[in-house]
Amino acid sequence: MANENKLQAIIAHAKEYGFVFPSSEIYDGMGAVYDYGQWGAELKRNVRDYWWRWMTQMNEQNIVGIDAAIFMHPTTWKASGHVDNFSDPMIDNKDSKKRYRVDHLIEGFAETLPQEQSEALLAEMDKLIAADDFAGLKTLIENNKIKCAVSGTSNWTDVRQFNLMFSTEVGSVAEEANTIYLRPETAQGIFVNFLNVQKSGRMKIPFGIAQVGKAFRNEIVARGFIFRMREFEQMEMQFFVRPGTQKQWYEYWKEKRMEWHMTLGIPADRYRFHDHVKLAHYADAACDIEYNFPMGFKELEGIHSRTDFDLKNHQEYSKKKMQYFDADLDENGKAYGNYIPYVIETSIGLDRTILMLMSEAYEEQDLSTEEKQDSRVVMKFIPRLAPIKLAVLPLTKKDGLPEIANTLMQECKQHFKCFFEEKDTIGKRYRRMDAIGTPFCVTIDHQTKEDNTVTIRYRDSMEQERVPMSEVKNIVMKAINE
Ligand code: GAP
């Protein structure tokens, strides 16, 4: 399936089967804001929980999790550099009044060029962006006669910077009101709590603090479904290390995060590393883990060596010491003493992970035989992440079969998410479960009443086998824990 078609098919499927809906759709929706439906919310929760457990429970490093507030003291964003630096170069088309992020505008145009020309254009763009050369970027757009998709003209304004943070006000009356920001990253909630966690948890360096939560960015060009949203969720971890060791920990986390991705059942060649050309204002090394989305290879996760930038600035702005006392001895037998730790960050978008999992899982299969036309859409989620693990399906609504099915439900739902359905033919019910990605379906039929066996049907192979009903829970549990 062509890539653009695949993304459209996933968007349609996500809506039809309760994964993702456009936000406030009855009022015609809101750009780049989405709601997760009943199965999308389960999938998202499974990914979030898995990431959390992998970081804070299964990890060989000492990592704890926190849950900081979205609202933070406004000085936080001054100290972090977001007030001054969290902006993108934008350009407006004077005829359509449409605003574009300059890199997206040029990238979109580059996609229409032959490969060699496209690469040369993007290399030129990277150079100009790295040099903050806005006049040069405008000239590049004009020389290439890049047009606005709406007006079709090349009547452009100058290139200007726009801050991406959303602001709001606290305080009941205007005179007392204080401008605050919706956090554009969860990381700062970790930095401002560094000392609280270190002291209350008696944490010894190296250690990590993890957090999952909402972040908000006023993305100007928001496209690609849940790839680029204005309200999204991040899963971030800041790992605090001794200054001078950051390079080795950066390499360590690159490798570890890729190991995590390999546990999602996605082939290695669907990922690649991409080193940053232009480093963010806080980093001394940075790369992305990119995934081959239907729109091509794009950033999924960032791994950043953030130096002591954040803690040092919070120390300066808050006038509170952000130091750690390291009693360990160096090679000369002297304690390392007081220092501001360096930080390696791993930051992955939960929504982008969901888009990756949906893209990878989505498959349209032609099952036609000589006798009849047939097809199905199947979502091949690994059992650990699938929204529903087991569907319990009595063959008919009578003869005591629903009651037997219910006893199996009662037993299994204590351990994992199950779904009970007695309406429609078994074939139709199987297809609906395939479309949601349920790895196991169990049918209770008349033979069950005689010998306590059921038919278990495997989603991917569509094979069926007869197993004792008492075995079902173990079969599913084993698959979830694989
Ligand atoms: N604390 C570092 C940080 O926020 P980032 O590269 O700007 O770094 C990290 O964002 C991750 O957050 C990205 O790799 C991406 O997965 C996700 N992300 C960023 N902006 C997003 C958006 N507008 N919509 C969805 N996910 C986004």
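All values derive from a computational prediction rather than experimental measurement. In each ligand, atom 1 is the first atom listed, and ligand 1 is the first ligand listed.
Remark: Y17 pairs with no residue by the side chain to side chain donor-acceptor pair (under 3.5 Å) rule, at least two apart or across chains.
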Show which side-chain atoms of residues 60-72 pair as donor or acceptor with protein atoms under 3.5 Å away, not counting sequence neighbours.
from, atom 1, to, atom 2, distance (Å)
E60, OE2, Y252, OH, 2.6
Q61, NE2, Y252, OH, 3.1

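Here the rule is salt bridge (Lys or Arg N to Asp or Glu O under 4.0 Å) with D88, and of R101, R99, R228 only R101 fits it.
Contact between L300 and I348 at its shortest, heavy atoms only, is O-CG1, 3.6 Å.
A ring-ring contact (aromatic ring centres under 6.0 Å, His included) check over residues 226-246, counting only residues at least two apart or in different chains, returns the pairs F194-F240, F207-F240, F227-F293, F239-W249, F239-W253.
Counting non-hydrogen atoms of other residues, nucleotides and ligands closer than 6.0 Å to NZ of K380 gives a total above 12.
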Write 'none' if nothing qualifies; otherwise put on separate lines each N/O atom of ligand 1 with a protein N/O atom under 3.5 Å away and their distance to 0.1 Å.
from, atom 1, to, atom 2, distance (Å)
ligand 1, 1 (N), E185, OE1, 2.6
ligand 1, 1 (N), E236, OE2, 2.5
ligand 1, 1 (N), R306, NH1, 3.4
ligand 1, 1 (N), E345, OE1, 3.3
ligand 1, 1 (N), E345, OE2, 2.9
ligand 1, 4 (O), R217, NH2, 2.9
ligand 1, 4 (O), Q234, NE2, 2.9
ligand 1, 6 (O), E299, OE2, 3.0
ligand 1, 7 (O), R217, NH1, 2.8
ligand 1, 7 (O), R217, NH2, 3.1
ligand 1, 10 (O), Q234, NE2, 3.4
ligand 1, 12 (O), Q234, NE2, 3.3
ligand 1, 14 (O), E299, OE2, 2.6
ligand 1, 14 (O), L300, O, 3.3
ligand 1, 16 (O), L300, O, 2.8
ligand 1, 16 (O), G349, N, 2.9
ligand 1, 20 (N), R217, NH1, 3.3
ligand 1, 23 (N), E219, OE2, 2.9
ligand 1, 23 (N), M229, N, 3.4
ligand 1, 23 (N), M229, O, 2.8
ligand 1, 24 (N), F227, O, 3.4
ligand 1, 24 (N), M229, N, 2.8

